[in-house]
Asks: 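Supplied in structure tokens, the structure appears directly below.
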Amino acid sequence: MAGVSLKCGDCGALLKSVQEAQEHGELTSHFNFSESTEAVLNLVCTDCGKPCRSKTESDLHTKRTGHTEFVDKTSEAAKPINLEAPKTVAESEEAVDASSSSQSEEMVVPEVDKKLLEELELMGFPTARATRALHYSGNTSLEAAVNWVVEHENDPDIDQMPMVPLNSKVEAPKSSLTPEEMKLKAQELRYVLF
């Protein structure tokens, strides 16, 4: 089904399925879709790992961040693009070390952006769900966290507080949105959710 997609007439987003279009519509209030022969791409930023689904998306990412190098993994992407923050090599090695270690590590709630957590709570998300969404979406933005919740709302542990090893020092990635863009996005998301 390469080369077939649905295109949002409001923002130009390319979507792989009717379900993605419905989810996009629920989040953005955009319901003007048309079939497109433009393929949904899987361009991955080599600097931060952000997936982009179209040339327009990668251009916007470049404009916001200055990152210009992308790897085209479209042919490898038989499954949907993973929108969660990719694990770093150090995190992957820590996970292997932790699983091979016979010692039990003390687990703690991961640190997340307090302002984003507060915004999600004001939108009505329980603290545990908001913390989990921020942690697993890379702690970058309200939009990423809300998208994560939508994609994982049926997970059995969605309302359990996430736990990470005490000694893991994971620095939160910087948001690519300006404070003004963040404020507008938060207002947009509040409008969509209520």
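None of these values were measured; they are calculated from a predicted model.
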Asks: Could you measure the distance from the CG atom of Asn147 to the NE2 atom of His24? Nearest 0.5 Å is fine.
Replies: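 Output value for this atom pair is 10.0 Å.
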Asks: Tell me every residue that passes side-chain contact (heavy atoms from CB on, under 4.5 Å) with Gln19, counting only those two or more places apart in sequence or in another chain.
Replies: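 For Gln19, the residues satisfying side-chain contact (heavy atoms from CB on, under 4.5 Å) (neighbours in sequence not counted) are Ser17, Glu23.
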Asks: State the CG-SG distance between Asn32 and Cys8, to the nearest 0.5 angstrom.
Replies: 6.5 Å
Asks: Could you work out, with salt bridge (Lys or Arg N to Asp or Glu O under 4.0 Å) as the rule, every residue matching Asp10, not counting sequence neighbours?
Replies: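 For Asp10, no residue satisfies salt bridge (Lys or Arg N to Asp or Glu O under 4.0 Å) once neighbours in sequence are set aside.
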Asks: Which heavy atom in Pro126 sits nearest to a heavy atom in Asp159, and how many Å separate them?
Replies: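 Shortest heavy-atom separation between Pro126 and Asp159 comes out as CG-OD1, 3.9 Å.
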Asks: Who are the side-chain contact (heavy atoms from CB on, under 4.5 Å) partners of Asp47, not counting sequence neighbours?
Replies: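 Scan of Asp47 (side-chain contact (heavy atoms from CB on, under 4.5 Å), adjacent residues dropped) gives Cys45, His67.
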Asks: When you look at Phe70 and Thr62, which way does the side chain to side chain contact (heavy atoms under 4.5 Å, CB included) test go after all the steps?
Replies: CA-CA 10 Å; Phe70 295 87; Thr62 298; 3.4 Å; yes
Asks: Once side-chain contact (heavy atoms from CB on, under 4.5 Å) is applied, do any residues pair with Asp157, and if so which ones, sequence neighbours excluded?
Replies: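 If we apply the side-chain contact (heavy atoms from CB on, under 4.5 Å) test to Asp157, skipping adjacent residues, the hits are Arg132, Asp155, Gln160.
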Asks: Checking Thr46 side chain against Glu69 main chain: does a donor-acceptor pair fall under 3.5 Å?
Replies: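 It does hold such a pair.
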Asks: At what distance, to the nearest 0.5 angstrom, does CD of Glu121 lie from CZ of Arg129?
Replies: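 Answer rounded to 0.5 Å: 13.0 Å.
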Asks: Please check if the side chain of Asn139 supplies one atom and the backbone of Val112 the other of a donor-acceptor pair under 3.5 Å.
Replies: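 A pair under 3.5 Å: no.
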Asks: Does Met161 have any side-chain contact (heavy atoms from CB on, under 4.5 Å) partners at least two apart in sequence or in another chain, and if so, which?
Replies: Val109, Thr127, Ala128, Thr131
Asks: I'd like to know whether CD of Glu153 has more than 12 heavy-atom contacts from other residues, nucleotides or ligands below 6.0 angstrom.
Replies: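 Above 12, so yes.
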Asks: Measuring from atom OG1 of Thr28 to atom CD of Glu143, what distance do you get when rounded to the nearest 0.5 angstrom?
Replies: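 Answer for the OG1-CD pair, Thr28 versus Glu143, is 9.0 Å.
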Asks: So which heavy atom on Ala133 is nearest to which on Val149, and how close?
Replies: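 Closest pair (atom of Ala133, atom of Val149, distance): CB-CG2, 3.5 Å.
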Asks: Let me see the working for Glu57 and Lys50 under salt bridge (Lys or Arg N to Asp or Glu O under 4.0 Å), right down to the final yes or no.
Replies: CA-CA 10 Å; Glu57 237 182 272; Lys50 181 190 186 315; 3.8 Å; yes
Asks: Are Val150 and Phe125 linked, directly or through other ILVMFWY residues, by side chains that come within less than 4.5 angstrom of each other?
Replies: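 In one cluster: yes.
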Asks: How long is the gap from CG on Leu120 to NZ on Lys115, to the nearest 0.5 Å?
Replies: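 Answer for the CG-NZ pair, Leu120 versus Lys115, is 14.5 Å.
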Asks: Measuring from Leu117:CG to His135:NE2, what's the distance to the nearest 0.5 Å?
Replies: 13.5 Å
Asks: Checking one residue: Val44. Which other hydrophobic residues are in its cluster under the side-chain 4.5 Å linking rule?
Replies: none
Asks: If I compare all heavy atoms of Ser58 with all of Leu43, which pair ends up nearest, and what's the gap?
Replies: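 Minimum heavy-atom contact is OG-CD1, 3.9 Å.
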Asks: Tell me the closest heavy-atom pair linking Pro162 and Tyr136, and the distance in Å.
Replies: CB-CE1, 4.1 Å
Asks: Could you tell me which non-hydrogen atom of Phe33 sits nearest to which non-hydrogen atom of Ala21, and how far apart they are?
Replies: CZ-O, 3.3 Å
Asks: Taking atom CD of Glu118 as the centre, report whether more than 12 heavy atoms of other residues, nucleotides or ligands fall under 6.0 Å from it.
Replies: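 Check fails, neighbour count at 12 or below.
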Asks: To which residues is Phe31 joined in a hydrophobic cluster, defined by side-chain heavy-atom contacts under 4.5 Å among Ile, Leu, Val, Met, Phe, Trp and Tyr, whether direct or through other members?
Replies: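 Taking Ile, Leu, Val, Met, Phe, Trp and Tyr as members, Phe31 stands alone, with no cluster partners.
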